[in-house]
Amino acid sequence: MTHLTYAVGDIHGDLEQLHSIMALIAKDFETSGAETHHIVFIGDLIDRRPDSKGTIDYVMDGLAAGKPWTVLKGNHDRLMEWFFDDPHRHDPHLKPDYSWLHHRIGGVETLASYGVTVPENYRECLDDILEMAVANVPAAHVDFIRELPLSYETDDIFFCHAGVNLDRALDDQTEDDLVWIRDGWLDNPKMAAKLILHGHTIVEEITHYGNRVNIDTGAAWGDKLSAVVTIGANVYQLTDQGRVEIKAPA
């Protein structure tokens, strides 16, 4: 049986681009001759772009309809989760003066997609903002984000949001590393047991580094959303003109 595994990069509430990417995937699968497929969303469903609510609705509806999808948790998804648990909790991976509601992070845009306006002096009224958020954001959305898995594997590829600690086995990774890691990862050529496919750190084009493939091409800031299809350990970008192989460096 021929089976294809697709992966979609960091969406960040860009539902319009997500619809286009899903159409590309559907077209590729239809013309591939494969019998089955699976789609992995690499995490960061939300923040910065205008329709985080619509994005969560879309993936939840697809899963409820039995679509062969896996949606992974990214750092932005976890920031939303932590805000609803305790709006005063600070993620140590953020700068000391940053939070989910900082203008560079994107929580303001996410809450706006649910009809919640965050005031400029948000630091002084976090509990009031949480109260508004709880009243406007469906509990099912928060629960969905909270329960997202951290990784997905095929025989050849390990999918996660940010990357892995290459000094640990793939089945011994921490949540912090899977959703946040950059130091000791992006510049590390060490091979893991499988090829790692991830997002989290923006690159201009999908890039194969030998031990990893990065598919985050900047939808968070209005650049393109990307997707790939994997066959074994081979990775191909989906384009309007068809597949383009993403090759490891020589």
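Just so you know, these numbers come straight off a predicted model, no measurement behind them. Below, each value reflects all heavy atoms present in this structure, side chains not excepted, and no hydrogens, waters or symmetry copies.
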Sequence neighbours left out, what passes ring-ring contact (aromatic ring centres under 6.0 Å, His included) with [X]? Give chain and number order.
| X | result |
| --- | --- |
| Tyr152 | His38, Phe159 |
| Tyr114 | His141 |
| His19 | Tyr58 |

Any side-chain heavy-atom pair from [X] and [Y] closer than 4.5 angstrom?
| X | Y | answer |
| --- | --- | --- |
| Ile25 | Leu238 | yes |
| Val228 | Val213 | no |
| Thr36 | His3 | yes |
| Glu175 | Arg78 | yes |
| Tyr6 | Val8 | no |

How about [X]: does its [atom1] atom have over 12 heavy atoms from other parts shown lying under 6.0 Å from it?
| X | atom1 | value |
| --- | --- | --- |
| Asp61 | CG | yes |
| Glu131 | CD | no |
| Lys27 | NZ | no |
| Glu16 | CD | no |

Keeping [X] on the side-chain end and [Y] on the backbone end, is there a donor-acceptor pair under 3.5 Å?
| X | Y | result |
| --- | --- | --- |
| His76 | Ile46 | no |
| Asn214 | Thr201 | yes |
| Ser226 | Ile215 | no |
| Arg146 | Asp85 | no |
| Asp216 | Gly218 | yes |
| Asn136 | Met132 | yes |

Q) So, for Pro87 and Leu130, which heavy atoms are closest and what is the spacing to 0.1 Å? A) CD-CD2, 3.6 Å
Q) Which one of Trp180, Trp82, Trp100 satisfies the side chain to side chain donor-acceptor pair (under 3.5 Å) criterion with Asp91? A) Trp180
**Q.** Name of the residue among Asp47, Asp51, Asp77, Thr55 meeting side chain to side chain donor-acceptor pair (under 3.5 Å) with Thr110
**A.** Asp47
Q) If you look only at pairs with a residue in residues 213-250, which of them pass as a ring pair (Phe, Tyr, Trp, His ring centres under 6.0 Å), with sequence neighbours excluded? A) none
Could you list the donor-acceptor pairs under 3.5 angstrom formed by side chains in residues 160-169, with sequence neighbours left out?
unit_1: His161; atom_1: ND1; unit_2: Ile42; atom_2: O; d: 3.1
unit_1: His161; atom_1: NE2; unit_2: Asp44; atom_2: OD2; d: 3.2
unit_1: His161; atom_1: NE2; unit_2: Asn75; atom_2: OD1; d: 2.9
unit_1: His161; atom_1: NE2; unit_2: His200; atom_2: ND1; d: 3.3
unit_1: Asn165; atom_1: OD1; unit_2: Asp167; atom_2: N; d: 2.8
unit_1: Asp167; atom_1: OD1; unit_2: Lys190; atom_2: NZ; d: 3.4
unit_1: Arg168; atom_1: NE; unit_2: Asp172; atom_2: O; d: 2.6
unit_1: Arg168; atom_1: NH2; unit_2: Asp172; atom_2: O; d: 3.3
unit_1: Arg168; atom_1: NH2; unit_2: Asp172; atom_2: OD1; d: 3.4
unit_1: Arg168; atom_1: NH2; unit_2: Asp172; atom_2: OD2; d: 3.3

Q. With sequence neighbours excluded, what pairs up with Arg212 under the side-chain hydrogen bond (donor to acceptor under 3.5 Å, both in side chains) test?
A. His198
